[in-house]
Every structure is written in structure tokens, then in C-alpha cells.
Amino acid sequence: MKSEPSCYSIDDLARDGVEPWDGVRNYQARNLMRDDMQVGDIAFFYHSNAKEIGIVGLMTIASAAYPDPTQFDKQEDHYDPKSTKENPRWLLVDVKFKQKFTDIIPLAVLKNDPAFADMALTQKGMRLSVQPVKEKHYKKIMKMVGQS
DNA sequence: GCCAACGTTGGC
DNA sequence: GCCAACGTTGGC
């Protein structure tokens, strides 16, 4: 799951503990949260659009998907006038801080490693903010950070 | 700051 | 339903 650290970083999550992952306004990403996530699942926290781009830590999914309240709030950047409370368009999940890696796993490292050639994150033009992660990629990354 | 890639919008 | 125009994402 991607976030721009200038907006919300792993350190922010470490401080907050649990946080609603709001602002997702892409149907594919929404569907992944709705259909493919379960409470207790582990997710990577990815920093995009930053000085250091890459995977910075782990979190756990702490809720099922539910309507993102920011879509109803005119003051919010992610306000969606076409969404209604009766039929909300956008969902979010709560995420819980699990761990910050000692060192970031840079995107460039993943792109240069053939083991990650079939990872969604390393595909050209990939901008999906919520992506599925294969078990083998998860395991490899945990090895890289010294946990296996 | 640039720009390629992608998603969405809206006219027809 | 097509597709050009536009807006956004996000690496570099």
C-alpha cells in the first residue's frame, strides 16, 4: 500500500498505531481492499514520490473495508460529490503499525532483482496504490531485511 | 520540474 | 460505445 511520506509516512503510522487508510480513489485499489483483504493480513508500507522510494515497513489490516468518510466531506481533497452515504463509492480499511524496517527496500533494488520481475510493483507504468503481493515476494523481502 | 503511463470524463 | 482531451500518478 502506497503513501507519499510527505502526506502520511511510516513514522506517522508508528506514532498513530492504527489509522484509516483513506483517500483511495481508484476502483481496482478499492476492490482489492474490499475483496482480497482480511483482518490480520500483513501489508507492506511503500513510500512513493519521496527522496527514498521503496518499501519501508509492515502493517496489519485492522478492519474490513468500510466507507471512506472523506468522500462525503466538502472540505476534503478527496471529496466526491457523486458519492452518497446510501451508496458510497469509496472504501477504506484500517491499518495497524507492525514494524519499520531498519533500512528501506528501494524500488530500484527490486527492479534490478530478477526474483521480483513478476511483482506488480516493478512493472512499468504501475501506479496502482494498493497492490497484491505474492507470498514468494513477501518471503524474499523478509529475508532481505534479516527476518525469515 | 519533466513527462510517460494511466484512468476518467464527456461530446458525439 | 468510441475516443480525444484532460487530470493524476509517480519515477526519474
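Throughout, protein chains are lettered first and strands after them, A, B, ... in sequence-line order, and every chain is numbered starting at 1. Since the structure is predicted, the reported quantities are computational estimates derived from the model, not experimental observations.
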Listed pairs, N/O of protein and of nucleotides 3-6 of chain B, under 3.5 Å:
from: B/dA5; atom 1: OP1; to: A/Lys124; atom 2: NZ; distance (Å): 2.7
from: B/dA5; atom 1: N3; to: A/Arg127; atom 2: NH1; distance (Å): 3.1
from: B/dC6; atom 1: O2; to: A/Arg127; atom 2: NH1; distance (Å): 2.8
from: B/dC6; atom 1: O2; to: A/Arg127; atom 2: NH2; distance (Å): 2.6

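Scored by the side chain to side chain contact (heavy atoms under 4.5 Å, CB included) test, A/Pro106 finds A/Ile104, A/Val109 as partners (sequence neighbours excluded). A search for salt bridge (Lys or Arg N to Asp or Glu O under 4.0 Å) contacts involving A/Asp12 returns A/Arg15, not counting sequence neighbours. In this structure, A/Lys98 has no salt bridge (Lys or Arg N to Asp or Glu O under 4.0 Å) partners at least two apart in sequence or on a different chain. Under the rule for a salt bridge (Lys or Arg N to Asp or Glu O under 4.0 Å), the partners of A/Asp118 that lie at least two apart in sequence or sit in another chain are A/Lys136. In this structure, the salt bridge (Lys or Arg N to Asp or Glu O under 4.0 Å) partners of A/Lys100, at least two apart in sequence or on a different chain, are A/Asp11. Evaluation of the side chain to side chain donor-acceptor pair (under 3.5 Å) rule for A/Lys2 yields no partner, not counting sequence neighbours. By the side chain to side chain donor-acceptor pair (under 3.5 Å) test, A/Gln123 pairs with no residue at all, sequence neighbours left out.
Taking a 4.0 Å limit (strictly below) on heavy-atom distances, residues 43-53 of chain A reaches DNA chain C at A/Tyr46, A/Ser48, A/Asn49, A/Ile53.
Atoms CD (A/Gln28) and P (C/dT9) sit 15 Å apart, rounded to a whole Å. Note: CG (A/Leu128) to C1' (B/dG7) measures 11 Å, nearest angstrom. In this structure, NE2 of A/His78 is placed 17 Å from P of B/dG7, rounded to the nearest angstrom. A/Arg30 has its CZ atom 10 Å from the P atom of B/dT8, to the nearest Å. Whole-Å rounding puts the A/Leu110 CG to C/dG10 C1' distance at 16 Å. C/dT8 atom P lies 15 Å from atom OH of A/Tyr27, rounded to whole Å. For the pair A/Asn112 CG and C/dG11 P, the interatomic distance rounds to 15 Å; values are reported in whole Å. Atom-to-atom, CG of A/Asn31 to P of B/dG7 comes out at 13 Å; the value is rounded to the nearest Å.
Within the 4.5 Å cutoff, the side chain of A/Val145 has no heavy atoms near those of the A/Asp103 side chain. Taking 4.5 Å as the limit, some side-chain heavy atom of A/Leu110 sits within range of a side-chain heavy atom of A/Ile55.
Distances shorter than 4.0 Å separate some side-chain N or O of A/Lys2 from OP1 or OP2 on C/dG10. For A/Lys111 and C/dC12, the shortest distance from a side-chain N or O to OP1 or OP2 is below 4.0 Å.
Counting only residues at least two apart or on different chains, the salt bridge (Lys or Arg N to Asp or Glu O under 4.0 Å) pairs with a member in residues 64-74 of chain A are A/Arg25-A/Asp68. Within the structure, no pair that satisfies the salt bridge (Lys or Arg N to Asp or Glu O under 4.0 Å) test touches residues 39-64 of chain A, not counting sequence neighbours.
DNA chain B contains the following stems of three or more consecutive Watson-Crick or G-U pairs, with both distances under 3.5 Å: B:1-12 with C:1-12.
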